[in-house]
Amino acid sequence: MADRKVGALLVMEQQTLLGIISERDYARKVILQGRLSKETQVSEIMSSPVISVSPKNTVGECMHIITKNRIRHLPVLEGSTVVGVVSIGDLVNSVISEQEVTIRQLQAYISGAATT
């Protein structure tokens, strides 16, 4: 995970999402417990059932889910098919982009450059 700069991996069987394993899961359930990586199965340390969202969820809804559940990654499912993963970083970047647009619009309005 570190080599690929990935914070979480989906655990799949065929096309079915079984769980998710994060760096935090690995650190808390393997390293801190003195377990050996080669002797620990992913199924023993993955988070399951997985908290997920659909493509129709809003950024705000996803932020609420992540905050409420103290997680950092949300698989995006369309029905039972995984179509993506949203991270807290993705959501924060989206909020920042939206705020930048709003700030530019307000600055244009205040300076009189806005047209009605």
Side-chain angles (χ1 to χ4, degrees):
M1 290 170 69
D3 290 345
R4 303 268 176 144
K5 297 179 180 162
V6 175
L9 297 171
L10 301 182
V11 181
M12 307 284 295
E13 185 174 298
Q14 305 295 321
Q15 299 297 315
T16 303
L17 178 62
L18 299 179
I20 188 168
I21 180 169
S22 68
E23 292 171 313
R24 186 186 304 181
D25 291 327
Y26 180 77
R28 290 181 178 173
K29 298 173 184 174
V30 176
I31 296 171
L32 293 178
Q33 292 182 10
R35 298 169 81 171
L36 298 175
S37 297
K38 292 182 179 183
E39 296 176 6
T40 305
Q41 294 185 9
V42 171
S43 61
E44 297 175 49
I45 61 172
M46 71 183 184
S47 297
S48 182
V50 179
I51 298 168
S52 63
V53 294
S54 84
K56 294 181 181 182
N57 283 95
T58 66
V59 169
E61 291 168 338
C62 291
M63 290 285 282
H64 176 74
I65 292 167
I66 279 182
T67 303
K68 177 183 168 193
N69 293 285
R70 301 179 64 115
I71 57 177
R72 296 176 181 208
H73 301 88
L74 278 174
V76 181
L77 302 179
E78 202 163 326
S80 62
T81 303
V82 176
V83 294
V85 178
V86 178
S87 73
I88 186 132
D90 298 330
L91 297 170
V92 168
N93 286 335
S94 176
V95 169
I96 289 170
S97 294
E98 289 176 20
Q99 289 176 347
E100 288 172 347
V101 168
T102 300
I103 289 168
R104 282 195 300 273
Q105 290 173 339
L106 289 171
Q107 287 173 332
Y109 176 78
I110 290 169
S111 69
T115 59
T116 54

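In what follows, residues are counted from 1 in the order of the sequence shown.
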S.K.: Going hydrophobic residue to hydrophobic residue with side-chain gaps under 4.5 angstrom, can you get from I51 over to V82?
M.R.: no
S.K.: Which pair of heavy atoms, one from P55 and one from E78, lies closest together, and at what distance?
M.R.: CG-OE1, 3.8 Å
S.K.: Answer with yes or no whether the hydrophobic clustering places V11 together with V30; edges join I, L, V, M, F, W, Y residues whose side-chain heavy atoms lie under 4.5 Å apart.
M.R.: yes
S.K.: Do the side chain of S52 and the main chain of P75 share a donor and acceptor less than 3.5 angstrom apart?
M.R.: no
S.K.: What is the distance from atom CG of L106 to atom OG of S111, rounded to the nearest 0.5 Å?
M.R.: 10.5 Å
S.K.: Can you name the closest pair of heavy atoms from G19 and V50 and give their distance?
M.R.: CA-CG2, 3.3 Å
S.K.: Between CD1 of I20 and CG of L74, what distance do you get to the nearest 0.5 Å?
M.R.: 8.0 Å
S.K.: Applying a strict under-4.5 Å side-chain criterion to I, L, V, M, F, W and Y, I'd like to know whether I88 and V76 cluster together.
M.R.: yes
S.K.: To the nearest 0.5 Å, what is the distance between OG on S22 and NZ on K29?
M.R.: 7.5 Å
S.K.: Roughly how far apart are E44 CD and Q33 CD, rounded to 0.5 Å?
M.R.: 10.0 Å
S.K.: Is I65 linked to V85 within one hydrophobic cluster, defined over Ile, Leu, Val, Met, Phe, Trp and Tyr using a side-chain heavy-atom separation of less than 4.5 Å?
M.R.: no
S.K.: I'd like to know if the side chain of S94 reaches the main chain of D90, judged simply by a donor and an acceptor atom lying under 3.5 Å from each other, with no hydrogens or angles considered.
M.R.: no
S.K.: Taking atom CD as the centre, does Q41 end up with more than 12 heavy-atom neighbours from other residues, nucleotides or ligands that are less than 6.0 angstrom away?
M.R.: no
S.K.: Under 4.5 Å between side-chain heavy atoms, counting indirect links through other Ile/Leu/Val/Met/Phe/Trp/Tyr residues: same cluster for L36 and I45 or not?
M.R.: no
S.K.: To the nearest 0.5 Å, what is the distance between OG1 (T16) and CG (L10)?
M.R.: 12.5 Å
S.K.: Are side-chain heavy atoms of M12 and L17 found at a separation under 4.5 Å?
M.R.: yes
S.K.: Passes side-chain contact (heavy atoms from CB on, under 4.5 Å), V53 versus E61? Steps please.
M.R.: CA-CA 9 Å; V53 294; E61 291 168 338; over 6 Å; no
S.K.: Taking atom CZ as the centre, does R72 end up with more than 12 heavy-atom neighbours from other residues, nucleotides or ligands that are less than 6.0 angstrom away?
M.R.: no
S.K.: Which value, rounded to the nearest 0.5 Å, describes the distance between S43 atom OG and I21 atom CD1?
M.R.: 9.5 Å
S.K.: When you compare the side chains of S37 and Y26, does any donor N or O come within less than 3.5 Å of an acceptor on the partner?
M.R.: yes
